[in-house]
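Heads up: the structure comes next, in structure tokens.
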Amino acid sequence: MRALTVTPQHAGTAALTDLPEPTPAEGELLVEGIALGICGTDREIIEGRYGWAPPGRDRLVLGHESLGRVRRAPAGADLAEGDLVVGVVRRPDPVPCGACARGEFDMCRNGRYTERGIKERDGYGSELWTVETDYAVKLDPRLERVGMLLEPTSVVAKAWEQVDRVGARSWYAPQTALVTGAGPIGLLAALLGVQRGLDVHVLDLVSDGPKPAAVAALGATYHSQPLADLTEKLRPDLVIEATGVGRVVVDAMNGTAAYGIVCLTGVSSGGRTIPVDAGATNRDLVLENDVVVGSVNANLRHYAAAADALAAADPDWLERLITRRVPLSRFAEALIPRPDDIKTVLTLD
Ligand code: BGC
């Protein structure tokens, strides 16, 4: 079978490799891959800046935004042949730390967690893959064309949970949410914000194309202007930051209403410095009881919340986020971003 593999930490090594068909271990499903979403992390791995092969190996099967159909399920499993499934990305560390021991592997404390397609475990970028039934999430059959959005949605469901939990320190009734960045994470964050009945605003650099149209179709408001100008008018109760751009992060921290929450989801590359009035930012955070919280990955609770959010969304709106579908054989095309891309998907079937 064909698989998309890479030698992590070595740029330009992505290739289609012929691998033997996997045999499911006890308690595992055998799954036919339907599609694979490509994200910034995949591009970083391909550029040699992130990623780790399984121990004792050079190459890693890429892919963590999965979607497949069960070909064979173990007897007594809740999943059956034909079910639409997504594989969870992270596995707990082997120690395990206190968080991993409680199923909160997204909050791992010792960094020894593993991640499919990213860190020491093969990913889902192959025509057939296996997954433990406990780490497979069943999807509504209507999500066949868009189910690879589940993993990024799980990341966003966790971010919203962080906002709720931080907000619960005191009386909390947010009304205005700002999302910075209209990529897949930003747009899915906006979707969940609208589903919560918030007045959602989305900021991005572009002024036309599919991003403003997707925001409008959601009933949210799109903006393309300097963030500091927008927050002065809007004074959002919370910001979901999905660009990872240093200036945007700092302006978001300075721009919330009192008791503001900024949830950071963008992984920045680092290495660039910007001038920051740290004293003024500190003063603002202290005097307003503001919180800045980082959020990465997702546990099973967030995948379940994400599956509900996708099932409740308009499938046509979700389709808008998938701006390119490229067959696995032409994977190299999918890896080069184009200006109007939102989510590029590799098709595996
Ligand atoms: C994935 C997360 C993962 C993170 C860091 C992201 O692209 O969506 O599941 O934890 O990368 O490896």
Side-chain angles (χ1 to χ4, degrees), residues 24 28-39 63-74 76-90 103 106 116-117 123-125 127-161 184-198 200 214 217-220 297-325 342-349:
E28 286 188 343
L29 304 168
L30 180 64
V31 181
E32 288 168 18
I34 296 176
L36 186 74
I38 302 289
C39 83
H64 62 278
E65 298 186 1
S66 62
L67 178 67
R69 192 173 291 290
V70 176
R71 180 187 277 186
R72 203 160 72 232
D78 289 341
L79 289 142
E81 187 186 334
D83 282 347
L84 206 56
V85 282
V86 165
V88 171
V89 175
R90 194 176 281 197
D106 58 314
R116 295 216 37 183
Y124 299 108
E127 288 170 304
L128 283 172
W129 39 267
T130 56
V131 67
E132 312 87 305
T133 48
D134 292 349
Y135 289 94
V137 182
K138 185 172 163 173
L139 279 190
D140 189 314
R142 284 175 308 167
L143 296 172
E144 177 163 11
R145 285 191 51 81
V146 293
M148 76 301 280
L149 295 175
L150 183 72
E151 195 278 338
T153 309
S154 73
V155 165
V156 157
K158 171 175 172 181
W160 276 107
E161 184 190 77
I185 293 289
L187 291 171
L188 291 166
L191 167 72
L192 269 66
V194 168
Q195 287 181 342
R196 288 160 168 252
L198 294 169
V200 176
L218 201 56
N297 195 251
N299 66 38
L300 296 176
R301 185 174 67 244
H302 308 123
Y303 276 85
D308 290 347
L310 290 188
D314 172 3
D316 292 339
W317 186 83
L318 295 171
E319 248 325 308
R320 280 170 178 265
L321 305 195
I322 300 162
T323 37
R324 277 200 289 154
R325 292 178 195 266
I342 300 178
K343 173 61 72 187
T344 303
V345 159
L346 281 176
T347 51
L348 301 174
D349 48 357

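Quick caveat: nothing in here was measured; it's all calculated off a predicted structure.
The CZ atom of R324 sits 12.0 Å away from atom OG1 of T347, with the distance rounded to the nearest 0.5 Å. Taken from NZ in K343 to CG in L318, the straight-line distance is 13.0 Å, to the nearest 0.5 Å. Residue L191 holds its CG atom at 5.5 Å from CG of L218, rounded to the nearest 0.5 Å. The CZ atom of R71 lies 15.0 Å from the CG atom of D83; values are rounded to the nearest 0.5 Å. Atom-to-atom distance recorded for M148:CE and L36:CG is 9.0 Å, nearest 0.5 angstrom. The CG atom of L29 sits 11.5 Å away from atom CD of E81, with the distance rounded to the nearest 0.5 Å.
Every side-chain contact (heavy atoms from CB on, under 4.5 Å) that E161 has, sequence neighbours left out, goes to R165, R301, H302.
Taking each heavy atom of G193 and V200 in turn, the nearest pair found is C-CG2, 3.6 Å. Closest approach of R90 to Y135, counting heavy atoms only: O-CE2, 3.9 Å. L149 and L188 make their closest contact through O-CD1, 4.1 Å (heavy atoms, listed as atom of the first residue, atom of the second, distance). Of all heavy-atom pairs between V31 and V131, the closest is CG2-CG1, 4.3 Å. When every heavy atom of G103 is checked against every heavy atom of N299, the shortest pair comes out as O-CB, 3.5 Å. Summarising the geometry of A80 relative to V70, their closest heavy-atom pair is O-CB, 3.4 Å, with the distance given to 0.1 Å.
Within the 4.5 Å cutoff, side-chain heavy atoms of I185 are placed close to those of P152. Side-chain contact between V146 and I322 is present, with heavy atoms from C-beta onward closer than 4.5 Å. Within the 4.5 Å cutoff, the side chain of L150 has heavy atoms near those of the V137 side chain. Using a 4.5 Å cut-off on side-chain heavy atoms (C-beta onward), R72 and P24 make contact. Side-chain contact between V86 and Y124: absent, with no pair of heavy atoms (C-beta onward) separated by less than 4.5 Å. A heavy-atom distance below 4.5 Å is not found between the side chains of R145 and P315. No side-chain heavy atom of D349 sits under 4.5 Å from any side-chain heavy atom of E32. Using a 4.5 Å cut-off on side-chain heavy atoms (C-beta onward), L67 and L143 make no contact.
Legend: side chain to side chain donor-acceptor pair (under 3.5 Å) pairs involving residues 147-160, not counting sequence neighbours, sorted by first then second residue: D106-K158.
Proximity of a side-chain donor or acceptor of R69 to a complementary backbone N or O of G82 within less than 3.5 Å is detected.
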Show the atom names and distances, to 0.1 Å, of all donor-acceptor pairs under 3.5 Å that link a side chain in residues 303-314 to residues at least two apart or in another chain.
| unit_1 | atom_1 | unit_2 | atom_2 | d |
| --- | --- | --- | --- | --- |
| Y303 | OH | V89 | N | 3.2 |
| D314 | OD1 | D316 | N | 2.9 |

